[in-house]
Number of protein chains: 2
Amino acid sequence: MSDASLWTALADPHRRAIVALLLERPRPVGEIGEACGLSQPSTSKHLRVLRDAGLVRVRQDAQRRVYALDPAPIAALDAWLAPYRELWNRSLDRLGQRLDETSYDTDTEEPTPKG
Amino acid sequence: MSDASLWTALADPHRRAIVALLLERPRPVGEIGEACGLSQPSTSKHLRVLRDAGLVRVRQDAQRRVYALDPAPIAALDAWLAPYRELWNRSLDRLGQRLDETSYDTDTEEPTPKG
DNA sequence: ACTGCGCATTCCTTGACCGGTATATAACCA
DNA sequence: TGGTTATATACCGGTCAAGGAATGCGCAGT
């Protein structure tokens, strides 16, 4: 499932570094490894994981293999995040109400005593 | 540190299930474990990881410990995701241009190989 | 065909994580 | 005080992932 592998793929800091690197522009394996301080096999293995998760695509350019980000899984992550973002907005609203203190008409509930 | 532990915390499906469960409302440990089909120690350990990542907070209620989501790390995730979301929007724009430039009437070539 | 380069894969070892069992701790109750 | 409930932690065994070394494989130049 690309859903499970997506999270495990991004759980690794090296892999997140690779993804951040590919955000700027597509790059061949050697460049990625050098930029992230990874050995060549390690780079290839991480790219393999990212590829299995659907996060990157490969384009063959002579001997080199140029990796590029695939935006689709990012959208999936965004979709996962959406409900929580609403929670965050609620908390921001609540904070705003606290700071505002004017209370437009927030008699809905939630006294939130003391804190 | 909450940055690294945040991803590893969410990498586990059980932990994501817990987080999703707490999105509805705060719950005590026993309720979480039962809902996720986890043993009590396993539940506590997962909650420990989530707590170390800052994803949940605890409130003591008599013998029970009620866990609730903390929206802050969600915001961090959202911030991390932001640049990639732009990439996604760019790809959507590009798709729109493609559809735009190649004539909009339904007369498009659309090879549809094999059928 | 041979050689060199870029990359992928395999084997191996080590370290981290996960689940279960047993135990410790803290709060309530009799 | 002793006992029960609710939760946390320590220990243990199995599993999996990460890194390094060595090797395989495709492509280009001569």
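Here is how names work: the chains are called A, B, and so on, in the same order as the sequence lines, proteins then strands, and each is numbered from 1. Hydrogens, waters and symmetry mates are skipped; everything else that's a heavy atom, side chains included, is used.
- Atom CG in A:Asp12 sits roughly 18 Å away from atom P in D:dC16 (whole-Å rounding).
- Following chains of ILVMFWY side-chain contacts shorter than 4.5 Å, one cannot reach B:Val49 starting from B:Ile32, and the two form parts of different hydrophobic clusters.
- Proximity of B:Leu22 to B:Val56: side-chain heavy atoms (C-beta onward) are separated by under 4.5 Å at one or more points.
- Distance alone, capped at 3.5 Å, places no donor-acceptor pair between the A:Arg15 side chain and the A:Leu10 backbone.
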Tell me, for nucleotides 20-30 of chain D in 5' to 3' order, what letter each nucleotide earns: B for a base near a protein heavy atom under 4.0 Å, S for only sugar-phosphate near one, - for neither? BBB----BS--
Begin with the C-alpha distance, continue with both residues' side-chain angles, and end with the deciding distance and a verdict on salt bridge (charged side-chain N to carboxylate O under 4.0 Å, His left out) for A:Arg27 and A:Glu34. CA-CA 11 Å; A:Arg27 295 171 196 259; A:Glu34 190 181 5; over 6 Å; no
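- Atom pair B:Arg48:CZ and D:dT7:C1' shows a separation of 13 Å (rounding to whole Å applied).
- Residue A:Arg51 is classed as having no contact, given no heavy-atom separation below 4.0 Å to the nucleic acid.
- Distance, B:Glu34 CD to D:dA6 C1': 14 Å, rounded to whole Å.
- One atom, CG of B:Leu50, and another, P of D:dA8, lie 12 Å apart when rounded to the nearest Å.
- Taking atom NE2 on A:His14 and atom C1' on D:dG19, their separation rounds to 10 Å, with Å as the unit.
- Residues passing the side chain to side chain contact (heavy atoms under 4.5 Å, CB included) test with B:Arg59 are B:Asp61, B:Val66, sequence neighbours excluded.
- Side-chain atoms of B:Thr8 come within 3.5 Å of backbone N or O of B:Ser5 as a donor-acceptor pair.
- By the neighbour-count criterion of 12 heavy atoms within 6.0 Å, atom CZ of A:Arg64 is sparsely surrounded, having that number or fewer from other residues, nucleotides or ligands.
- Residues B:Leu47 and B:Thr43 are in side-chain contact: their nearest non-hydrogen atoms beyond the backbone lie under 4.5 Å apart.
- From the 5' end on, the contacts that DNA chain C makes with chain B at under 4.0 Å to a non-hydrogen atom open and close at C:dC18 to C:dC28.
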